[in-house]
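Have a look at the structure below, then the notes.
Just so we're clear, the structure is a prediction, and the values are computed from it rather than from any experiment.
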Amino acid sequence: MTQTLPFEISKEDTFFDVLGDYIGDVFYDILPDQGYELRDEQIYMAFQVEQAFKNKQTIFAEAGVGTGKTFVYLLYAICYARYMNKPAIISCADETLIEQLVKKGGDIEKLEEALGLNVDVRLAKAREQYVCVKKLDKLEETTEDEDILDVYDSIPEFVFGGDASMQKFERYGDRKEYPWVSNEKWEAISWDPLQQCSTCDWRHRCGQTLNRQYYRHSSDLIICSHDFYMEHVWTKDSRKREGQLPLLPEASSVIFDEGHLLEFAAQKALTYRFNSKTLTSVLTEYLNQDIREESLLLIEDILEMHDKWFDILRDTSSEVEGSNRHEVPRSKEMIDLAGQMNKKVHSLLEQLVFDSELFLMDDYNVKIIEEYLEFFSYGLAILLKDNKGIFWLETNKEDSSFVIMPRLVEDVLEKEVFSQNIPFLFSSATLSRQKDFSYIAGSLGIKNYLSFTVESPFDYEEQMKMNGHLDQGEVEKWENMKAHLEHQAGKTLILFSSLEEMNRFRSWADRQSFSFPMLYEGDREISETVQTFQQDHATVLCSYHLWEGLDVPGEALSQVMISSLPFPPKDPVFDAKRNHAADAMQEVDLPYMLLRMRQGIGRLIRGHEDQGSVHVWLTPEQYEAIGKEIEGIAPTPIQWS
């Protein structure tokens with residue numbers, strides 16, 4: 001469906017001339033007439049962003065809370081998408097921020113009502129956000145869990161019927177449709193990297209597939225997470241080779257909301273993930289073909305080495321608090337075995353060519369086997385080169401995955417993303433270090449860019465109180481937190497630096513008596529949890545992820561508590577950054593922590609009428625070492641106690 005522009009272009013006009021006039025009318029006249037405040041910061045941002053769209057450049061738009069930056073980028077993205085007849089992609093930090101955009105009363109709906117627009121916006125969610133019917137169908141036969149059985153009962157009839165026509169298919173399976181399911185239970189029934197979707201019997205009736213067919217046809221906006229966008233970048237070439245469409249269509253422009261987090265999404269996506277079961281599954285398929293004895297012996301050797309290799313990985317790995325990445329030492333035994341496996345895999349790839357020519361082997365299966373073996377070998381090659389790869393082990397109740405990631409992602413991003421001749425816009429309140437954007441630009445492989453900074457229009461001196469506390473121990477800290485919670489009668493967001501810390505607090509809090517409900521991230525689908533917190537003003541929300549993206553104006557959020565400083569975990573990814581920094585504290589740990597602190601503090605004041613307080617806890621050692629740094633990023637002076 002082609003959408004019309006909200007303004008007319010005559011033969012004498014250029015698109016950008018008329019667009020500029022329209023944007024001026026919107027911010028100077030139309031929005032104020034609709035009751036919106038005229039904001040100089042918003043207008044300044046609008047005309048800076050126009051240059052990026054006009055010249056197809058990358059721009060870093062650092063705009064404080066309350067500047068109205070979302071309206072600005074939405075307007076340009078929608079108008080340019082209609083002009084180019086290609087949708088704009090808005091990539092958000094996570095699913096929570098996506099919901100803030102598309103929820104009832106959110107920014108897109110507000111813009112539609114104010115300007116009389118009908119915006120075609122569709123969501124492209126990460127694969128983990130969809131139920132896996134294959135896993136659910138298998139689990140339904142053995143589980144007595146009512147939450148999971150309720151999900152099974154809600155699946156449309158055509159999924160299990162098998163003979164339904166495509167015309168009867170409807171979209172289903174989004175995590176948001178099952179708010180009663182906890183995160184832990186969701187993992188048991190949702191898509192995961194073990195699923196071989198290309199050979200799955202359910203693939204044409206899969207909720208993920210049906211949703212993908214739907215969002216591709218958006219005429220205005222496709223909204224996804226950073227993780228999903230980077231997965232699209234990483235898989236588009238291999239999907240084309242396999243005769244599949246890329247995860248996302250070509251875009252007219254790309255907006256990275258909370259763009260300071262894109263590097264971490266890129267690192268997560270650009271990985272080689274070796275599940276302990278996948279190679280066995282692939283090579284077993286090879287054994288089912290007509291092959292020579294030489295190939296058979298090679299496969300047996302590889303599988304034996306593979307099992308021994310994973311035994312070594314599991315036995316030597318160690319857990320890291322705040323991360324699901326288990327640290328694995330670079331032992332001689334592990335590396336030697338990886339090298340031997342890689343040589344055997346190269347030999348098997350050569351044998352596959354002969355076997356496919358000599359015997360009647362299914363072309364599709366040959367392609368799958370060859371693709372995976374090449375993937376496996378390339379990942380091992382990164383592991384075997386000193387200082388080229390970062391690696392870790394991830395485990396669950398059933399199996400393990402060894403993950404290898406290139407140490408630096410900027411080369412891939414420069415080539416695969418920012419070489420496109422389209423506008424890219426990074427939007428966040430925290431993109432620079434004292435208005436210097438070189439750190440984020442360099443980490444993403446961006447050489448040429450525009451940038452600007454506009455401060456928040458809020459009067460923080462009048463609206464916010466900052467309170468600092470010295471942490472003498474967790475129990476004493478939590479008793480102090482309880483006193484502030486009771487004084488405020490709930491209405492509080494508590495931010496933890498890790499899931500483990502939140503769970504320790506929860507164990508303590510469960511033994512206490514509170515006069516208000518305590519909500520915990522992970523107990524239900526996150527947008528449902530946030531909605532409950534927003535609607536029930538006497539509630540406390542405990543979270544370890546909502547440092548960014550949470551937008552709850554008004555009385556419901558009158559207090560933010562930061563239980564501990566959000567330093568990055570001591571996991572392999574951040575350790576690799578530390579090892580390649582001249583001063584790890586100044587170049588890695590402190591910038592990351594201060595950025596998250598700024599974001600966490602920014603959850604409190606979301607409008608001119610908001611009032612409240614922020615409490616932050618530091619150890620005495622932290623206060624001595626970096627207390628001045630914390631004070632430097634605080635919007636108002638900190639009162640220490």
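- When all heavy atoms of Ser276 and Thr280 are compared, the pair lying nearest together is O-OG1, 4.2 Å.
- Of the listed residues (Ile494, Val616, Val614, Val540), just one forms a side chain to side chain contact (heavy atoms under 4.5 Å, CB included) with Met561, and that residue is Ile494.
- Listed by chain and number, the residues in a salt bridge (Lys or Arg N to Asp or Glu O under 4.0 Å) with Glu501 are Lys477 (sequence neighbours excluded).
- Closest of all the heavy-atom pairs between Ser513 and Glu486 is O-OE2, 4.0 Å.
- Aromatic ring pairs are classed by plane angle as parallel below 30°, tilted from 30° to 60° and perpendicular above 60°; the pair Phe505 and Trp508 is tilted.
- Within the structure, ring pair (Phe, Tyr, Trp, His ring centres under 6.0 Å) pairs that include any residue of residues 111-152 comprise Tyr152-Phe160 (at least two apart or interchain).
- Minimum interatomic distance between Ser252 and Ala81 (heavy atoms only, all atoms of both residues): OG-CA, 3.5 Å.
- Inspection of the Ser564 and Ser497 side chains reveals an N or O donor paired with an N or O acceptor under 3.5 Å.
- A ring-centre distance under 6.0 Å is found for Phe71 and Tyr36.
- With hydrogens and angles left out, the side-chain atoms of Thr529 and Arg524 include no donor and acceptor closer than 3.5 Å.
- Under the ring pair (Phe, Tyr, Trp, His ring centres under 6.0 Å) test applied with Trp234, the options Phe375, Tyr272, Tyr229 reduce to a single match, Tyr272.
- With Ser428 as the fixed residue, the side chain to side chain donor-acceptor pair (under 3.5 Å) test singles out one of Lys69, His260, Glu548, Arg598: His260.
- Here the shortest heavy-atom pairing between Ser400 and Thr395 reads OG-CG2, 3.6 Å.
- Ser401 and Asn275 share a side-chain donor-acceptor pair at under 3.5 Å.
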Salt bridge (Lys or Arg N to Asp or Glu O under 4.0 Å) evaluation trace for Glu140 with Lys135: CA-CA 9 Å; Glu140 185 270 341; Lys135 289 171 68 175; over 6 Å; no
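- Among all heavy-atom pairs drawn from Tyr178 and Ser154, the shortest one is CE2-OG, 3.2 Å.
- Looking only at atom types and distance, the side chain of Trp392 has a donor-acceptor partner in the side chain of Glu394 under 3.5 Å away.
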Worked verdict on Phe391 versus Met405 for side chain to side chain contact (heavy atoms under 4.5 Å, CB included): CA-CA 6 Å; Phe391 53 89; Met405 183 182 80; over 6 Å; no
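- Ring centers of Tyr76 and Tyr73: at least 6.0 Å apart, outside the cut-off.
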Intermediate values then yes/no, side chain to side chain donor-acceptor pair (under 3.5 Å), Arg216 and Asn211: CA-CA 9 Å; Arg216 286 183 188 283; Asn211 277 280; over 6 Å; no
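- If you check the side chains of Asp120 and Ser219, you find a donor sitting under 3.5 Å from an acceptor.
- Scored by the ring pair (Phe, Tyr, Trp, His ring centres under 6.0 Å) test, Phe574 finds Phe264, Tyr592 as partners (sequence neighbours excluded).
- Within the structure, the ring pair (Phe, Tyr, Trp, His ring centres under 6.0 Å) test picks out the following pairs touching residues 516-556 (sequence neighbours left out): Phe514-Phe516.
- Under 3.5 Å, the side chains of Glu525 and Ser527 contain a donor-acceptor pair of N or O atoms.
- Under a cut-off of 6.0 angstrom, the local environment of CD in Gln512 is crowded, with over 12 non-hydrogen atoms contributed by other residues, nucleotides or ligands.
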In residues 104-111, what donor-acceptor pairs under 3.5 Å come from side-chain atoms, sequence neighbours left out?
unit_1	atom_1	unit_2	atom_2	d
Glu109	OE2	Gly105	N	3.0

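- Shortest non-hydrogen contact noted between Phe228 and Arg127 is CD1-N, 4.5 Å.
- Here Glu258 pairs with nothing under the salt bridge (Lys or Arg N to Asp or Glu O under 4.0 Å) rule; sequence neighbours left out.
- Within the 4.5 Å cutoff, side-chain heavy atoms of Gln534 are placed close to those of Lys103.
- No side-chain N or O of Glu128 forms a donor-acceptor pair with one of Ser190 less than 3.5 Å apart.
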